[in-house]
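Report on one structure; see the data block that follows.
Both ligands and their constituent atoms are indexed starting at 1 by order of listing. Numbers here simply count residues along the sequence, with the first being 1.
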Amino acid sequence: MKLFASVATTADGYLDDASDRRLIISSPEDLREVQRLRAEYDAILVGAETVRRDDPSLTLRDAEARARRIARGLPPEPAKVTLTVSGDLDPRARFFTEGSGRKIVLSARPLPALESVAAVIRPDGPITPSVLITELEKQGIERLFVEGGARMLRWLFAADAVDTLRLAVNPALRLDHPCGAPRLDIGTAYRTAPHTEARFGATHVVTYALRPDREAEDRRMLRRAIDASRRCTPSATSYCVGAVVRTAAGDCFEGHTHETSPTRHAEQEAIAKAAAAGADLRGATIWCSMEPCSQRSSEPESCTELILRCGVARVVFACYEPDRFVRCCGAQRLRDRGVDVCAYPTMAAEVLRINGHLFR
Ligand SMILES: [Zn+2]
C-alpha cells in the first residue's frame, strides 16, 4: 500500500490551536489542492480523536473530481477509515453520516453501535500500523490518504509506514506555545528525504518522497508473475501461482506452482532455480501473483518461512490468499519480521480469474 500523509501546520509546527473550533491553517488554494489530491486515493484515514474533536465529513465535494473517479471505474468518493482503541465513536459523527464512500473502523473491541453505519474490522491481535495496512489491503485499498491527527501521524511515522509527506505551512500564522494544542511530532528524519516545493496561495508546501516510488516496476513484475501462473495445470488442491525473484545483484528467476514437483509452490520453484545458480537471495525482492502461504500440509516449510530463511527483503503480490484451504497470514507474518511487503489488490481480479476452477 501507498501511504500519503497530508499535514497543514502553523509556522511554529502546530496542527490546531487549543480551542474547540477547528483552526483553518491553509489558504483556499491549498484546501482546493488537498481536495484534488484526496480524489486520487482509495481511502482517507483519520484517527478517532480527529473524528471526535473536529467532526470532519471527509467528503469529496468537487463534482469534476467525482466524475473523474467514476470514469476510472472508482466509487465517486474515497472510503473513510478510522481506528479506535477505546471504541468511543458516535454513530452520529459526520464521518459516518455524510458522503457515499464506504466507512471502515478498525477496532480492538466489538462496536455494536457502529455496525449499522460502518464496516467494523476486528483484527486478531493489537492494531499496529502493519496490521492496519494488511487489513485495508484486504479491503481492496491500495492508496491511502492520511489526514491526521497528531497521534495518528506520530504512530505511522514511528513505524516508518509513510511513503510521501505533504507538509503545508502557513508562514504567517504563529501560535506561540498554546497550552494543549496538538503539534506535529514526527521526528526530523523526513527533512533529508528528496522533496519538491510549491506555493498554493499563501501556503508553502513541501512534498517529501520518504520511500522510492516502485509502483511502475512492481506492476510490470507482477504482470510477469501472473503470466507465469498461467502455465500452471489447474489443480483442485492448490492455487495457480507465479513468482519472480530478483537478487540484489539483479538476476531474475521465475517459477510457477508444480513446475517441477507436484508439491512445490511458485515461490519454491523460483527460489530453487536461484539456489541452483548459486545466487545469494539476501536483500532480494520476490513478486508473486498471490500472497505467500503461511501454512501447508504437503511440505514442512511454508513459502513465508522459506522467504524469511533466504533473507528476501521485499515481497510484492497482487492477491491476498482467499480463505479457501486455510486462513493465510503470510503478509502479516512477513511484515512482523521486518520484510517490506506491498500488495496491489487492484491486480487481484485477474489472479482470481486464473484460479476460477477453485471457486465454481
Ligand atoms: Zn506457498
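In this structure, CZ in Arg333 is found 13.0 Å from OG in Ser130, a value given to the nearest 0.5 Å. Separation of atoms CZ (Arg223) and CE (Met347) is listed at 4.5 Å; rounding is to 0.5 Å.
Contacts of Tyr239 classified as ring pair (Phe, Tyr, Trp, His ring centres under 6.0 Å), with partners at least two apart in sequence or in another chain: Phe325. With sequence neighbours excluded, the residues forming a ring pair (Phe, Tyr, Trp, His ring centres under 6.0 Å) with Tyr208 are Tyr190, His195, listed by chain and number.
Comment: Glu254 engages Arg231 in a salt bridge, judged by a side-chain N to carboxylate O separation of less than 4.0 angstrom.
Listed by first and then second residue, the side chain to side chain donor-acceptor pair (under 3.5 Å) pairs that reach into residues 303-321 are Glu137-Tyr320, Asp218-Arg314, Glu301-Arg309, Arg314-Asp340, Tyr320-Arg335, sequence neighbours excluded.
Taking 2.8 Å as the limit, the number of protein N, O or S atoms around the Zn ion (ligand 1) is 3.
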